[in-house]
Amino acid sequence: ALALAALGAIAPVAPADPPPVVVSLQFDDGTADHVQAASILDAHGLDGTFFVNSSRPGQAGFATWQEIDALAAAGHEVGGHTLTHANVPGVTATEQLREVCDDRAALLARGYAVTSFAYPFGATSAAAADAVRDCGYNSGRRVSGIVSAGGCAGCAWSETIPPADPYLTRIPQSVRSTTTLNEIQDYVTNARTHGGGWIQI
């Protein structure tokens with residue numbers, strides 16, 4: 001009787017919900033094909049982040065300011081990426097601030113709510129992160145640091161929420177024309193099976 005009573009006291013355990021995974025779709029450099037990418041996102045009710053070098057709009061191969069204005073008006077985020085796609089750690093401290101701060105100022109002047117930054121080439125350093133912070137951004141995205149096919153095998157499965165270092169947030173390797181859909185899906189499913197988190201694609 002005691003055994004039966006003990007069994008009766010054990011309630012069935014409901015399966016746990018999978019841990020949440022936040023996925024951000026991001027596009028660097030403000031190239032002309034981002035207009036098509038935005039239209040695909042729009043068709044699916046999604047918003048992306050478009051990191052723009054403010055000296056390039058209207059040049060051959062790059063989106064125009066009018067097209068970037070339309071992206072922002074449609075609800076997409078516009079982020080900073082330096083004036084000229086500079087390798088931030090590879091220039092002087094003065095030039096770092098010029099490239100990062102003047103780029104943000106140009107984007108703010110167009111009315112964008114610019115809070116996110118992506119390091120060109122994914123190149124970072126402590127001084128570069130300081131420049132991004134000092135220029136008023138609230139985050140800086142590098143490249144790598146998350147487990148990737150052919151990339152970082154011993155890294156974390158996802159960025160933490162909130163990030164341990166908001167000025168050096170981690171991503172899987174950049175998506176290329178050779179990246180498969182399965183590889184992209186794996187970034188998300190791997191994060192889900194390893195505790196959730198943030199995946200920037």
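Predicted model, so just to flag it, every value in this text is computed and none were measured.
For residues 142-151, no pair satisfies side-chain hydrogen bond (donor to acceptor under 3.5 Å, both in side chains), with sequence neighbours left out. For residues 32-138, the set of pairs meeting the disulfide (SG to SG under 2.5 Å) definition, not counting sequence neighbours, comprises C101-C135.
Considering only residues two or more places apart in sequence or on other chains, E99 meets the salt bridge (charged side-chain N to carboxylate O under 4.0 Å, His left out) condition with none of them. In this structure, the side chain to side chain donor-acceptor pair (under 3.5 Å) partners of S24, at least two apart in sequence or on a different chain, are W198. With sequence neighbours excluded, no residue satisfies salt bridge (charged side-chain N to carboxylate O under 4.0 Å, His left out) with D165. With sequence neighbours excluded, no residue forms a salt bridge (charged side-chain N to carboxylate O under 4.0 Å, His left out) with R56. Take Y112 and apply the side chain to side chain donor-acceptor pair (under 3.5 Å) test, not counting sequence neighbours, and it matches D69. For S54, the side chain to side chain donor-acceptor pair (under 3.5 Å) criterion is met by D103, not counting sequence neighbours. Scanning for side chain to side chain donor-acceptor pair (under 3.5 Å) contacts around S116 gives E77, with sequence neighbours left out.
Of the possible polar contacts, one joining the E159 side chain to the R170 backbone as a donor-acceptor pair under 3.5 Å is found.
Applying the under-4.5 Å side-chain rule to Ile, Leu, Val, Met, Phe, Trp and Tyr, the cluster around V143 extends to I171. Other residues sharing the hydrophobic cluster of F62, ordered by chain and number and joined by side-chain separations under 4.5 Å: none, the residue standing alone.
The aromatic rings of H81 and F117 are tilted relative to each other, their planes meeting at an angle between 30° and 60°.
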Anything under 3.5 Å between a donor and an acceptor, one on a side chain of residues 180-187, the other on a protein residue two or more places apart or in another chain? List them.
| residue | atom | partner | partner atom | Å |
| --- | --- | --- | --- | --- |
| T180 | OG1 | E183 | N | 3.1 |
| E183 | OE1 | T180 | N | 3.1 |

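Residues Y119 and F121 place their aromatic rings such that the two centres sit no closer than 6.0 Å.
For the pair P57/Q59, no side-chain contact is recorded, criterion being any heavy-atom separation below 4.5 Å from C-beta on.
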